[in-house]
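Have a look at the structure below, then the notes.
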Amino acid sequence: MFLTIPTIMTWTRIFAIPLIVGIFYLPEAWISPGNKNLVATIMFVVFAATDWLDGYLARKLNQTSAFGAFLDPVADKFLVCACVLVLVHLQRTDVFVALIIIGREIAISALREWMAQIGASKSVAVHRVGKLKTVVQMVAIPFLLYDGPLFGVINTHWWGNGLIWVAAVLTVWSMVYYLQKALPEIRARAH
């Protein structure tokens, strides 16, 4: 099931990355900085929404697959990490936040791969704190991409910055949680 509707939607998150990044490199003669922010924000929100929709459709259309289960979190991680790097480049978030978020994604992905190899992947299955971390990231990132007053009331830079730090804390918390779950297996194979 390499090219089902849900899998194609997952692929769009990966193909969206150069579009979202590229918008910030367009000349200002073509598009104003404010419009760059708006377009990047809309693209991120639309493509991030496919994360929920592709899973829903996979179940509804009975098109779940091992490949889709692999690709879905990879697409999410690529999209989030790329946008966090753009935000660091634009000086809208701290490099320390990027190191926490990207470092955790690498560490937990490697941990899950190793746990799957030893047949213990259930102990590092996705947990509520990991899901909460993802939700907070998915709200913080568009706020920081937009980087302006929303509806003349909401200071998206302030809220985005606060939420991305909350996401960083949840990121560390979820990493500690998964490492604790894996610790018995790690200790058993330490020699």
Side-chain angles (χ1 to χ4, degrees), residues 6-28 30-58 71-106 108-109 126-175:
T7 307
I8 290 168
M9 292 181 76
T10 304
W11 277 110
T12 63
R13 288 201 298 285
I14 295 172
F15 294 129
I17 294 167
L19 299 176
I20 294 171
V21 173
I23 197 80
F24 291 103
Y25 288 95
L26 292 175
E28 287 187 19
W30 293 5
I31 184 169
S32 71
N35 284 337
K36 288 179 186 183
N37 293 345
L38 179 61
V39 170
T41 302
I42 291 169
M43 283 194 297
F44 179 85
V45 169
V46 167
F47 289 114
T50 66
D51 182 27
W52 171 82
L53 190 57
D54 64 10
Y56 171 79
L57 288 175
L71 188 63
D72 185 64
V74 170
D76 297 343
K77 288 168 182 31
F78 278 167
L79 181 62
V80 166
C81 291
C83 288
V84 167
L85 289 173
V86 165
L87 294 170
V88 168
H89 176 73
L90 295 171
Q91 298 180 341
R92 296 181 188 173
T93 195
D94 196 280
V95 72
F96 193 63
V97 167
L99 289 171
I100 291 170
I101 290 171
I102 295 169
R104 181 264 188 204
E105 298 305 345
I106 293 167
I108 297 306
S109 294
V126 176
H127 185 261
R128 277 177 274 145
V129 70
K131 290 180 180 182
L132 180 60
K133 176 245 348 155
T134 300
V135 168
V136 175
Q137 283 177 348
M138 295 302 197
V139 174
I141 290 170
F143 274 13
L144 289 169
L145 287 172
Y146 188 72
D147 196 48
L150 187 61
F151 309 120
V153 177
I154 301 169
N155 181 336
T156 60
H157 182 80
W158 186 87
W159 277 101
N161 237 338
L163 288 170
I164 203 77
W165 278 103
V166 169
V169 170
L170 290 170
T171 296
V172 171
W173 183 8
S174 70
M175 185 172 70

T50 side-chain N/O to F47 backbone N/O, donor-acceptor pair under 3.5 Å: yes
Atom CZ of F78: over 12 foreign heavy atoms under 6.0 Å: no
Value rounded to 0.5 Å, distance of CG in L71 from CD1 in I8: 11.5 Å
Interatomic spacing from CG in L79 to CD1 in I14 - rounded to 0.5 Å: 9.5 Å
Inter-residue atom distance F44.CZ - L144.CG, 0.5 Å rounding: 10.0 Å
Flag side-chain contact, heavy atom, 4.5 Å: R13 against D76: yes
Flag if over 12 foreign heavy atoms under 6.0 Å of CH2, W173: no
Heavy-atom pair with the smallest gap, counting every atom of A167 and Q137: CB-CG, 3.7 Å
Distance (rounded to the nearest 0.5 Å) between F24 CZ and N37 CG: 5.0 Å
Atom pair CG (L38) and CE (M43), whose distance is rounded to the nearest 0.5 Å: 10.0 Å
Taking every non-hydrogen atom, the tightest pair across L57 and M9: CD1-SD, 3.5 Å
Side-chain heavy-atom pair V21, L85 within 4.5 angstrom cut-off: no
E105 side chain reached by V80 side chain, heavy atoms, under 4.5 Å: no
Distance-minimising heavy-atom pair for L145 and A40: CD1-O, 3.9 Å
Atom of A140, atom of G160 and distance for their closest heavy-atom approach: CB-O, 3.7 Å
Shortest non-hydrogen separation from A98 to V88 and the atoms involved: CB-CG2, 3.6 Å
Residue pairs fulfilling salt bridge (charged side-chain N to carboxylate O under 4.0 Å, His left out) with at least one residue in residues 146-156, sequence neighbours excluded: R92-D147
Where A48 and M138 come nearest, the two heavy atoms and their spacing: CB-SD, 4.1 Å
Separation between OG1 of T93 and CG of N161, rounded to the nearest 0.5 Å: 5.5 Å
Any F143 side-chain heavy atom under 4.5 Å of I164 side chain: no
Any side-chain heavy-atom pair of D72 and D54 under 4.5 Å: yes
